[in-house]
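For reference, the structure discussed in these notes is given below.
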Amino acid sequence: MASHFQSLPGFRDFYPEECAVRNHIFRLWRQAAVRFGFVEWDAPVLEPLELFTEKSGEEIRRQLFEFTDKGGRAVSLRPEMTPSLARMVGAKAASLRRPVKWFCASENFRYERMQKGRGRSFYQFNADILGEAGCGADAEIIALVVEIFREAGLKAADAVVRLSDRDLWVDFLAARVAQESVIGVLSIVDKLEREPKESILEKLAAHTKDPAGLLGEIQAFLKLRCVADMRAFFETFPEGAREKLLARLVEWDALLARLDGLGVTDWVQVDLGIVRGLAYYTGFVFEAFERSGEGRALAGGGRYDDLVAKLGGAEMPACGFGMGDMTLRLALEERGLLPQFLNAPDFYAVIGGAAEQKAALADVSALREAGLRVEYPLKEAAFGKQFKQAAAAGAAFALIYGPEEVAANQVKVKDFTSGKETTFSREGIVERLLAVRSFGLPKDPCHGHN
RNA sequence: GUGGCUGUAGCUCAGUUGGUUAGAGCACCGGAUUGUGAUUCCGGGGGUCGCCGGUUCAAGUCCGGUUAGCCACCCCA
């Protein structure tokens, strides 16, 4: 170790290569959101502790970076953005034009034990639509998830959005257990795959006289994969519960029709097994997963119509999702979807010596002014060394300013991919090289020189 | 918060039953090389062997503790 200082556990140093990857992911997020008409917002990194405990309860303090500041205030680094969003939207609820479509790409902090794809500091993209109760907002949110995946280079074979419905679960369970047991049963359902059957039955017995029967119905419910099957399933339910459940399916039809119109049907799978973290969700919920391999969760979200009133003081239906940078990065990395040479220059000027320096630097400046990425050696060096440096920097082209070229008011351009060279007049060099960057060296041999 | 595995150069790792001044490849810097880049050759910098303690004439090596990382559980807003 050159230094005895290290970054804190779970926090990352971003060397240029890492930073380029991070910025690439930010770019994917921002561009997709902006195309969908979302606007970016942000909030303080440090917030009053109560803002977070109000939503999630005292238990989450274990996972907060919380402390008392010098003014004696209980504060915490933000573990998520939704409470801040609710506060900000709630404060201006009356004057915001609806629907409110906001996104942010924020650094968040959770005091957790680290593992693959999870640290104590991470970046998360959030997009929310507030003030629209209809499923059009849910569809827009889900389509944005898919748009980000597409923009990143993923295909429908790589990732899937599993769509579930908290309302449907509540109505389904209400027909089988007491109202106050619904939440408890949902948390049991969440662990269905991870716990032995005996343990599940034992827990269900606290909520029903017929745990085996209830488990059978839940398993049948979980197997439903389309609205037609759901409808057939509910037709057998007793009057009262049946009408409510069938009415909910009308919303499902409307949502799926919109998703079809938005062209994301291939990415969406009805899967009522998505019940995790349903504490404050009130309607459609979803999570995006990799289809194969690790099966990592890439994003998750849903409708939370009551949360803004609770935290922001104003009635405001809402839905949204979050997507972390770490799992997305791993998914893209494994598929070779991270661009190479994100920091590479377009052109590297190879400069003969002091006599050629003035002409070369003048062109470098003009090219940079035009928006091209141009580098050159900061000290005099042999031609061979300069070419090595140009290649090591990942430059697409070398611009050669030797005595011959400069004397003739020319510059030789070398394409590092093909190894071919073409000589241009320095007159109008900016326009020529803008074209070279976009289309490569001209094929017309009359430009050539050999 | 619980359990398993692992810490030797920036990276990947070697290092004999404990035995002189701890090595290699890659990477980096310089040179061969003042007109052409992923090849080649030569040289250089860089290590308190994670940390603390113990056993021993002697510890990178053995023992104990600790810390960090990885993986799984818990959790996932």
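So you know, we letter chains A, B, ... as the sequences are listed, proteins then strands, and number each from 1. This structure is a prediction, so every number in the text was calculated from the model and none was measured.
- Of all nucleotides listed (B/rC75, B/rA77, B/rG1), B/rC75 comes nearest to the side chain of A/R118.
- Only the C1' atoms considered, B/rU21 is 23 Å distant from B/rU17, to the nearest whole Å.
- By the 5.5 angstrom centroid cut-off and the 30-degree plane limit, A/F387 is classified as stacked against the base of B/rU36.
- When the C1' atom is used for both B/rG19 and B/rG60, the distance is 13 Å, rounded to whole Å.
- Contacts of A/G300 with the nucleic acid, taken as non-hydrogen atoms under 4.0 Å apart, are absent.
- Remark: of the listed residues A/F397, A/Y376, A/Y401, A/F397 is the sole one forming a ring pair (Phe, Tyr, Trp, His ring centres under 6.0 Å) with A/F347.
- The separation of B/rA22 from B/rU34, taken at their C1' atoms, amounts to 42 Å, rounded to a whole angstrom.
- Nearest nucleotide to the A/E405 side chain, out of B/rG35, B/rU33, B/rC76: B/rG35.
- The same atom, P, is picked in B/rU48 and in B/rG65; the two are 26 Å apart, to the nearest Å.
- Comparing the P positions of B/rG44 and B/rC52 gives an interatomic distance of 31 Å, to the nearest angstrom.
- Just one of A/H24, A/E18, A/E334 meets the side-chain hydrogen bond (donor to acceptor under 3.5 Å, both in side chains) condition when paired with A/R329; it is A/E18.
- Between the C1' atoms of B/rC51 and B/rG69, the separation comes to 15 Å (whole Å).
- Straight-line distance between the P atoms of B/rC41 and B/rU6: roughly 37 Å, to the nearest whole Å.
- As rounded to the nearest Å, B/rC62 and B/rG7 have P atoms that lie 11 Å from one another.
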